[in-house]
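Shown next, in structure tokens, is the structure this report addresses.
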Amino acid sequence: MDITSDTHSQHISKQFNHELEELKTHLMAMGGLVEKQVQDAIEALLEGDSRLAERVRDNDQAVNDMQLKIDEEATRVLARRQPAASDLRLVLAVIRATSDLERIGDEASKIARNALALVEAGRNARGFVEVRHISEHVRRMVRDALTAFARFDIELAVKVAQEDDTVDSEYTTAMRSLMTFMMEDPRSISSILSVMWILRALERIGDHADNLAEYVIYLVKGLDVRHTASDKLDDQVGKHKS
Amino acid sequence: MSATLPSRVTSASAAVTDFASTASCFEIEGLCLAYDGKQALRNLTLRIPRQRVTAFIGPSGCGKSTLLRVLNRLHDLNEDVSRQGRVSLEGQDIHAPQVDVAELRRRVGMVFQTPNPFPMSIYDNVAFGVRLQGIKRKRVLDEIVEWALDSAALWDEVKDRLHGSAWALSGGQQQRLVIARTLAVQPDVLLLDEPASALDPISTLKIEELIRSLKSRLTLVLVTHNMQQAARVSDYTAFLQDGELVEYAATDNLFTNPRLRRTENYITGRMS
């Protein structure tokens, strides 16, 4: 049975409704913060803004704290309510999602640290075009994955999962051209390495957004698509229409 | 007699295999039942697999206890009952005229919500049904009593006071004694109507553990209001509402991803 975003507010126990709503609200707040971290990290890099980069690095603790708080709430719901069916799936999806969001936060602070290194090196490194391009993709994936979670939107979730393939192939291409730059100009190796780390972080953020999208499908459809190839997703999800 | 006793229960075969490949114990087809003209069961068709635990869940008055009682013809005791449809046990119609109801009830034992030991010793409680079958030799009776109490996970607690009153036992022990009394006549099926709802949590877990261990040789059918209990012990769960079978599925699926909204609403405590 498919569920909708108001399914979790129809319990006889209003307190239970409230607890599940809080869980979703807090997850969305964490998502919002993480999304902002990614955006700021990229901006800091592209604009060479070291103060912004420092702020991203320092904010990572707030993301970690939110993960602990939400996981604790989810544990409490499991212990006290023994949720079943879509309620159980919501709690599990939230627990899984906090872990991916926390890692997206880690990747954002990695980007910020490398941005600081690049600012300190004082040279405009090669590869910013690629970073800008991939980061637009990845930011959209994170935003869409969170929107899909908030609206229980399966179609959007499938789109996010499919977009990850594009990011992966762009990443491979970008890495290849950065290798060429390094070979051409060995003095640029250390700054290009920083850019490579940044691209790697962006690619990982895409993977985590993909995971978030898969949790939405699990939550709404009860279908675990974690190991399903993205080109088969449409089929799988379509088969479970009810 | 003793030679035919199954070996002691060792471990439970917990794995739920595919429903379709499991042999049937009961097959129920188009079952309708009315008390005093009031429809209690509406056209139920389902099969209950052998050597599995099947749970019936649903709100009060949904017909789950009525359905359980049909399985050993306890509804016969009520005069104003009209029934249509067929219930067969191992392929045989249980309502066929040649069926011996006493023998049917031996094969299909029943345990109720409130433990009901007879006002006699623990030993005599367990031996009661066996004696009715004409078995009188003490050595044979001793063996059956020990086997039944052991199967019901009660032997170690009562072996030193077998001739003490059954009423001196705790509620949980009394319920296990009643199960031992039922097992002593070697049934094929055990029907359990809210067997743990009057018990404390530890006694409840002991009963649940017992249910799990018995399914290696019996078919168990459980009626319960406690959905967590159904989720914990059963292999298959049937959800009934207003005398209708709404959804019947492997317990693993029913409690994580039910097919129908009515089921979802009931098991998650929503208004429907």
Side-chain angles (χ1 to χ4, degrees), chain A residues 1-24 74 76-96 152 154 157 214-226 228 236-242, chain B residues 16 19 53-62 64 196-197 200-202 204-205 208 222 224-242 244-272:
Chain A
M1 192 201 83
D2 285 11
I3 57 165
T4 57
S5 53
D6 66 346
T7 299
H8 297 107
S9 56
Q10 296 161 353
H11 295 91
I12 294 164
S13 162
K14 292 202 173 61
Q15 179 60 29
F16 190 20
N17 288 340
H18 177 70
E19 286 165 16
L20 293 176
E21 278 307 319
E22 288 269 292
L23 209 51
K24 277 195 284 185
R76 209 159 44 224
V77 171
L78 285 176
R80 295 175 69 124
R81 301 279 176 184
Q82 290 111 45
S86 67
D87 299 335
L88 176 63
R89 302 204 302 273
L90 174 69
V91 177
L92 291 177
V94 166
I95 293 175
R96 288 175 185 161
F152 290 32
I154 288 291
E214 288 168 357
Y215 306 152
V216 177
I217 295 170
Y218 172 70
L219 163 62
V220 177
K221 295 231 161 233
L223 192 64
D224 196 336
V225 294
R226 279 179 296 179
T228 305
Q236 280 266 329
V237 172
K239 250 188 250 163
H240 276 74
K241 279 229 157 67
S242 50
Chain B
V16 177
F19 189 64
V53 182
T54 302
F56 297 158
I57 60 168
S60 297
C62 72
K64 55 192 191 298
S197 62
D200 69 87
I202 301 297
T204 300
L205 289 178
E208 290 178 4
L222 169 74
T224 178
H225 271 297
N226 181 337
M227 276 176 292
Q228 272 80 40
Q229 181 170 68
R232 284 193 297 263
V233 302
S234 70
D235 299 307
Y236 301 99
T237 300
F239 168 54
L240 286 90
Q241 202 173 34
D242 300 330
E244 279 175 52
L245 179 65
V246 178
E247 188 165 347
Y248 183 29
T251 301
D252 288 339
N253 294 337
L254 195 106
F255 284 96
T256 55
N257 194 13
R259 210 162 43 79
L260 301 175
R261 181 170 297 276
R262 278 166 80 186
T263 318
E264 169 98 19
N265 285 348
Y266 182 70
I267 63 172
T268 58
R270 289 185 169 84
M271 280 159 289
S272 54

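Throughout, protein chains are lettered first and strands after them, A, B, ... in sequence-line order, and every chain is numbered starting at 1. Computed from a predicted model, the values in this text were never measured in an experiment.
For the residue pair A:Arg89 and B:Thr256, the shortest heavy atom distance occurs at NH1-O, 2.6 Å. Considering all non-hydrogen atoms of both residues, A:Thr7 and B:Arg270 come closest at O-NE, 2.7 Å.
Residue A:His11 holds its NE2 atom at 4.5 Å from OG1 of B:Thr268, rounded to the nearest 0.5 Å.
Panel note: side chain B:Glu264, backbone A:Ala85; no donor-acceptor pair is recorded below 3.5 Å. Between the B:Asn257 side chain and the A:Leu223 main chain, no donor and acceptor come within less than 3.5 Å of each other.
Proximity to chain B (any heavy atom under 4.5 Å) is shown, for A:Ile12, by both the backbone and the side chain. Only the backbone of B:Leu260 has a heavy atom closer than 4.5 Å to any heavy atom of chain A.
Close approach to chain B, defined as a heavy atom under 4.5 Å from one of its heavy atoms, is seen in A:Phe16 of residues 16-24 of chain A, taken by number.
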